[in-house]
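Reviewing the structure listed below.
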There are 2 protein chains.
Amino acid sequence: MAKHEPDLSLIFHALSDPTRRMMLARLAQGPAPVTELAAPTGLRLPTVLRHLAVLEEAGLISTAKDGRVRSCVIIPEALAPVQTWLDAQRHIWEVRLDRFDDYVMTLMKERANDDP
Amino acid sequence: MAKHEPDLSLIFHALSDPTRRMMLARLAQGPAPVTELAAPTGLRLPTVLRHLAVLEEAGLISTAKDGRVRSCVIIPEALAPVQTWLDAQRHIWEVRLDRFDDYVMTLMKERANDDP
DNA sequence: CGTATAGTTAGCTGTATGGCTAAGCATGAG
DNA sequence: CTCATGCTTAGCCATACAGCTAACTATACG
């Protein structure tokens with residue numbers, strides 16, 4: 001029940017594995033049972049289940065059991081924190097670029113004063 | 001010289017550590033020597049150096065030694081693959097939403113036909 | 001009921017990760 | 001030259017990770 005709060009470390013770690021990204025890509029097209037997710041990976045079921053657990057702990061997917069089949073669904077909002085972090089990084093970087101512009105401007109002004 | 005090709009796994013892994021994200025955030029504001037990056041972390045230098053190595057292998061930063069000081073710089077373009085991946089994910093998801101819309105429409109039409 | 005199907009759990013293995021200390025090397029200041 | 005500074009290398013340790021097999025549970029189906 002506990003809706004894991006978005007933890008960037010968990011999310012990034014979950015995304016750092018090709019197998020998990022593959023699964024996510026598959027799930028982005030619609031829900032799927034565990035076996036279907038396992039098939040293209042060539043991995044054994046227990047391994048796949050652990051990958052799914054990582055994705056679920058990161059809040060990227062949600063799973064529910066219906067009969068003997070566990071169906072997995074992607075949670076698209078879970079990627080929002082990543083986008084937010086990216087935007088923030090970019091923002092800081094742009095500010096830095098602005099500062100650099102200012103710095104260049106200052107240099108030019110000084111040079112203009114030094115050498116009128 | 002070898003410009004590491006952007007490997008999502010390496011990048012995501014590099015970003016999955018809070019310490020490394022902290023360093024990146026600091027570097028986003030401008031270049032810094034190793035010791036300055038180490039200070040706020042409370043970690044020992046060798047540890048910090050390994051974090052830097054991870055960031056550098058992921059292509060997120062570049063370092064160069066000037067005298068006895070190694071200066072670290074962020075490489076903002078390195079985050080582009082992440083943004084691209086995010087966009088792609090979102091795109092697939094939106095297509096899926098569209099399909100879902102279609103599905104609902106189909107349902108409604110069928111229902112309309114079943115129960116005129 | 002009996003059996004095939006779909007997960008699940010337990011537990012093993014080798015490698016990677018993140019932290020440390022200790023000792024080494026190179027450079028700038030005096 | 002000498003020494004402090006700033007990084008570097010080597011190597012140790014504990015934990016986490018990704019993979020596996022083997023054995024178990026639980027639900028459908030005939």
Side-chain angles (χ1 to χ4, degrees), chain A residues 1-2 4 7-27 30-74, chain B residues 1-2 4 7-27 30-74 78 82:
Chain A
M1 290 300 168
H4 298 280
D7 183 332
L8 272 180
S9 295
L10 282 181
I11 298 177
F12 278 131
H13 173 243
L15 296 179
S16 75
D17 186 289
T19 303
R20 288 194 285 265
R21 286 200 305 278
M22 219 175 97
M23 289 171 167
L24 269 192
R26 166 62 191 81
L27 286 178
V34 175
T35 318
E36 188 178 331
L37 289 173
T41 67
L43 297 174
R44 301 293 181 172
L45 266 185
T47 307
V48 170
L49 237 87
R50 288 182 48 151
H51 281 302
L52 288 175
V54 171
L55 288 171
E56 191 161 17
E57 273 164 36
L60 290 168
I61 70 169
S62 168
T63 77
K65 204 159 179 181
D66 176 24
R68 61 181 168 175
V69 173
R70 176 170 297 278
S71 191
C72 308
V73 200
I74 206 175
Chain B
M1 289 299 175
H4 298 280
D7 183 334
L8 272 180
S9 295
L10 282 182
I11 299 178
F12 277 131
H13 172 244
L15 296 179
S16 74
D17 187 291
T19 303
R20 289 195 285 264
R21 286 200 305 277
M22 219 175 95
M23 291 171 165
L24 269 192
R26 165 62 191 80
L27 286 178
V34 175
T35 318
E36 188 179 331
L37 288 172
T41 67
L43 297 175
R44 300 293 181 170
L45 267 184
T47 308
V48 170
L49 238 87
R50 288 181 50 148
H51 280 303
L52 288 176
V54 171
L55 287 171
E56 191 162 18
E57 272 165 36
L60 290 168
I61 70 169
S62 168
T63 76
K65 204 159 178 181
D66 175 24
R68 61 182 167 176
V69 173
R70 175 171 296 277
S71 192
C72 310
V73 201
I74 206 176
V82 175

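So you know, we letter chains A, B, ... as the sequences are listed, proteins then strands, and number each from 1.
What separates CG of Asp17(A) from P of dA16(D) is a distance of 18 Å, to the nearest Å. One interatomic measurement links the two molecules: CZ of Phe12(A) to C1' of dT17(C), which rounds to 18 Å at whole-angstrom precision. In this entry the distance linking CG of Leu43(A) with C1' of dA18(D) reads 9 Å, nearest Å. Rounded to a whole Å, the CG atom of Leu49(B) is 13 Å from the P atom of dG19(C). Summarising the geometry, the separation between CG on Leu45(B) and C1' on dA23(C) is reported as 14 Å, rounded to the nearest angstrom. When rounded to the nearest whole Å, the span between CZ of Arg44(A) and C1' of dG19(D) equals 11 Å.
Taking 4.5 Å as the limit, some side-chain heavy atom of Cys72(B) sits within range of a side-chain heavy atom of Leu27(B). Between His51(B) and Leu43(B), some side-chain heavy-atom pair lies under the 4.5 Å cut-off. Two residues are said to be in side-chain contact when any heavy atoms from C-beta on lie closer than 4.5 Å; Pro40(B) and Met22(B) meet this criterion. Here the side chains of Leu55(B) and Thr63(B) are not in contact, with every heavy-atom distance at 4.5 Å or above. Residues Val82(B) and Leu15(A) are not in side-chain contact: their nearest non-hydrogen atoms beyond the backbone lie 4.5 Å or more apart. At least one side-chain heavy atom of Arg20(A) sits less than 4.5 Å from a side-chain heavy atom of His13(A).
Contact between Met23(A) and Thr41(A) at its shortest, heavy atoms only, is CE-CG2, 4.2 Å. Contact record, Ala32(B) with Arg26(B): CB-NH2, 3.5 Å, taken as the closest heavy-atom pair. Scanning all heavy atoms of the two residues, the minimum distance from Leu24(A) to Leu60(A) falls at CD1-CD1, 4.2 Å.
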What are the atom names and distances for every N/O pair under 3.5 Å that joins the protein to nucleotides 26-30 of chain C?
from	atom 1	to	atom 2	distance (Å)
dT27(C)	O2	Arg68(B)	NH1	3.1

Pairs under 3.5 Å (N/O, protein and nucleotides 10-16 of chain C):
none

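In the set dT8(D), dC20(D), dG18(C), dG18(C) carries the atom at the smallest distance from any side-chain atom of Arg20(B). When distances are taken from the side chain of Val69(B) to each of dG6(D), dC20(C), dT8(C), the shortest belongs to dG6(D).
Residue Thr47(B) has no polar side-chain atom (N or O) positioned under 4.0 Å from OP1 or OP2 of dG18(C). Side-chain nitrogen and oxygen atoms of Arg70(B) include at least one within less than 4.0 Å of the OP1 or OP2 phosphate oxygen of dT8(D). Close to dG19(D), at under 4.0 Å from its OP1 or OP2, lies a side-chain N or O of His51(A).
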